[in-house]
Amino acid sequence: DPHLALTLPSIWYEIQITIPGVNARGVSLPGSPGIIMGFNDHIAYGETNVGHDVTDWFRIEWTDGSRTHYLLDGKKTPARIVTDTLLLKDSDPLIIRTPWTVFGPVPFPDGPYADHAMRYLGHDAPGKSVRPHTMAGTFLGLMRAKNYDDYVQALKGYIDPAQNFIFAHKDGDIAIRPNGGFPLRAPGQSGRFTTPGNTLANNWRSYVPFAERPVHKNPTRGFVSSANQTTTGPNYPYPYTGGFDEYRGRFINRYLARETTMNQRKMKELQLSSHSLLAEELTPLLIARVN
């Protein structure tokens, strides 16, 4: 459940696909092949957003006010100038010239991000060494999957935006894998602060290898869940930064932990619950300070 609001036009549309070897049902996105979240005769699967940080800012040192050359490892390096034309009604076209560095584009000439290059996952074009197939192949593979190994193979092609892919097999296997392009930053760099853009040593190295991304399979507690909470433990070897909402994830885990079985009625109660863990924990602190 991605806990998204109802919209019109809708984000999702319900669909069933029956072809030789596949009988799957769930929801898809307009224009996307296959079923994005759903189930077939063997497995069920779904996704929620990880919230991982995949954008960093690098401070560029220009050699002069023209913003055409910058210092990189002590050398004067030319920027690649990309020109875009915006057509405006009842006005002359607006010409925008954006310098690109080895770290990415420098979109702002002034303001808080002035002269900062934006290193963004979406600017990359991962090759076969990073992923063996496309993101469309991920959802076609999940739609066809018959077991845990098929689920893992399908996820190897997924890059962006990072998602918590949850899995259940009719024979009882369950798992969750936060999956996507997680940047491998330079040693000492967490992505929380701006970084000097005067040396290649500060640039991203690659991505966390698929085999080293987090995974939780068949935990002893008997369930896996995701509501955008942090999905790694404190000893995970790679920096794991982003925007995470702990309250909903913790509340869901508490609810599931106290239930010995889950059925449609109990799942509906959980879906419709308006209980706020934030309010539960904050209210006593506020009341204690009332005069």
Side-chain angles (χ1 to χ4, degrees), residues 1-7 11-12 26-27 36-39 43-55 121 142 148 151-152 155 158 160-169 172-183 190-192 208 212-290:
D1 163 38
H3 37 267
L4 296 173
L6 294 176
T7 60
I11 298 173
W12 307 105
V27 293
I36 304 299
M37 291 183 290
F39 59 94
I43 74 160
Y45 58 94
E47 309 89 40
T48 57
N49 191 30
V50 170
H52 196 75
D53 181 8
V54 294
T55 303
L121 173 65
L142 290 171
Y148 177 79
Y151 153 80
V152 172
L155 298 193
Y158 190 87
D160 184 47
Q163 299 286 306
N164 295 305
F165 285 85
I166 206 162
F167 163 90
H169 190 273
D173 284 337
I174 59 173
I176 187 171
R177 297 182 70 102
N179 194 57
F182 301 137
S190 66
R192 293 185 181 274
V208 175
E212 298 179 39
R213 295 174 192 168
V215 60
H216 207 34
K217 181 185 179 185
N218 292 336
T220 55
R221 68 182 184 180
F223 66 86
V224 292
S225 71
S226 167
N228 307 126
Q229 73 270 25
T230 303
T231 42
T232 61
N235 296 323
Y236 188 63
Y238 301 103
Y240 201 79
T241 58
F244 306 104
D245 182 348
E246 295 298 314
Y247 292 102
R248 289 177 298 115
R250 287 168 50 212
F251 175 74
I252 290 173
N253 286 345
R254 184 175 74 179
Y255 185 98
L256 295 176
R258 72 188 184 202
E259 296 291 343
T260 56
T261 60
M262 287 295 289
N263 54 32
Q264 289 182 336
R265 179 183 60 81
K266 291 181 179 179
M267 184 58 74
K268 184 177 180 180
E269 290 176 355
L270 176 58
Q271 292 284 347
L272 297 178
S273 173
S274 60
H275 185 87
S276 169
L277 190 59
L278 172 60
E280 175 187 317
E281 295 177 347
L282 183 60
T283 301
L285 298 178
L286 296 176
I287 292 176
R289 285 157 178 79
V290 172

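Computed from a prediction, not measured in an experiment: that's the story for all the values here.
- Q229 contributes a side-chain N or O that, together with a main-chain N or O of A227, makes up a donor-acceptor pair within less than 3.5 Å.
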message: Assess the residue pair Y151 and F167 against the criterion (ring pair (Phe, Tyr, Trp, His ring centres under 6.0 Å)); give the C-alpha distance rounded to whole Å, side-chain angles, the decisive distance to 0.1 Å, and a yes or no.
response: CA-CA 8 Å; Y151 153 80; F167 163 90; 4.7 Å; yes
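- Under the 3.5 Å distance criterion, the side-chain polar atoms of T283 are matched with a main-chain donor or acceptor of A279.
- With a 4.5 Å cut-off on side-chain heavy atoms, P161 and V50 do not count as touching.
- Across every non-hydrogen atom of A175 and Y148, the tightest pair is CB-CE1, 3.6 Å.
- The shortest side-chain heavy-atom distance between M37 and L142 does not fall under the 4.5 Å cut-off.
- The distance from the CD1 atom of I174 to the CG atom of N218 is 6.0 Å, given to the nearest 0.5 Å.
- Of the charged side-chain nitrogens involved, at least one lies within less than 4.0 Å of a carboxylate oxygen, so that E281 and R250 count as a salt-bridged pair.
- The closest side-chain heavy-atom distance from Y236 to P214 is below 4.5 Å.
- The distance from the OH atom of Y238 to the CZ atom of F182 is 12.0 Å, given to the nearest 0.5 Å.
- Note that CZ of R258 is 6.5 Å distant from CZ of R254, once rounded to the nearest 0.5 Å.
- Contact annotation: the side chain of S226 never approaches that of Q163 to less than 4.5 Å [non-hydrogen atoms, C-beta and beyond].
- For V54 against G181, the heavy-atom pair with the smallest separation is CG1-O, 3.7 Å.
- Closest heavy-atom contact between N49 and N228: O-ND2, 2.5 Å.
- In this structure, OG on S276 lies 11.0 Å from CZ on R248, to the nearest 0.5 angstrom.
- Between Y255 and M262 there is a side-chain heavy-atom pair separated by less than 4.5 Å.
- Side-chain contact between E47 and I36 is present, with at least one heavy-atom pair separated by less than 4.5 Å.
- Interatomic distance, NE2 of H52 versus OG1 of T231, reported as 9.0 Å (0.5 Å rounding).
- The shortest distance between side-chain heavy atoms of V152 and R177 falls below 4.5 Å.
- Using modelled atom types, one side-chain atom of S190 and one backbone atom of R192 make a donor-acceptor pair closer than 3.5 Å.
- Interatomic distance, CZ of R213 versus CG of N179, reported as 4.5 Å (0.5 Å rounding).
- In this structure the side chain of R221 reaches within 4.5 angstrom of the side chain of N253, judged on heavy atoms.
- Considering every non-hydrogen atom in both D53 and G191, the closest pair reads OD2-O, 3.4 Å.
- Between F251 and H275, the ring centre distance stays below 6.0 Å.
- For the residue pair L256 and F223, the shortest heavy atom distance occurs at CD1-CD1, 3.5 Å.
- Sparse packing is recorded around CG of L6, with 12 or fewer heavy atoms of other residues, nucleotides or ligands lying under 6.0 Å away.
- Side-chain N or O atoms of R289 include one that pairs as donor or acceptor with a backbone N or O of L285 at under 3.5 Å.
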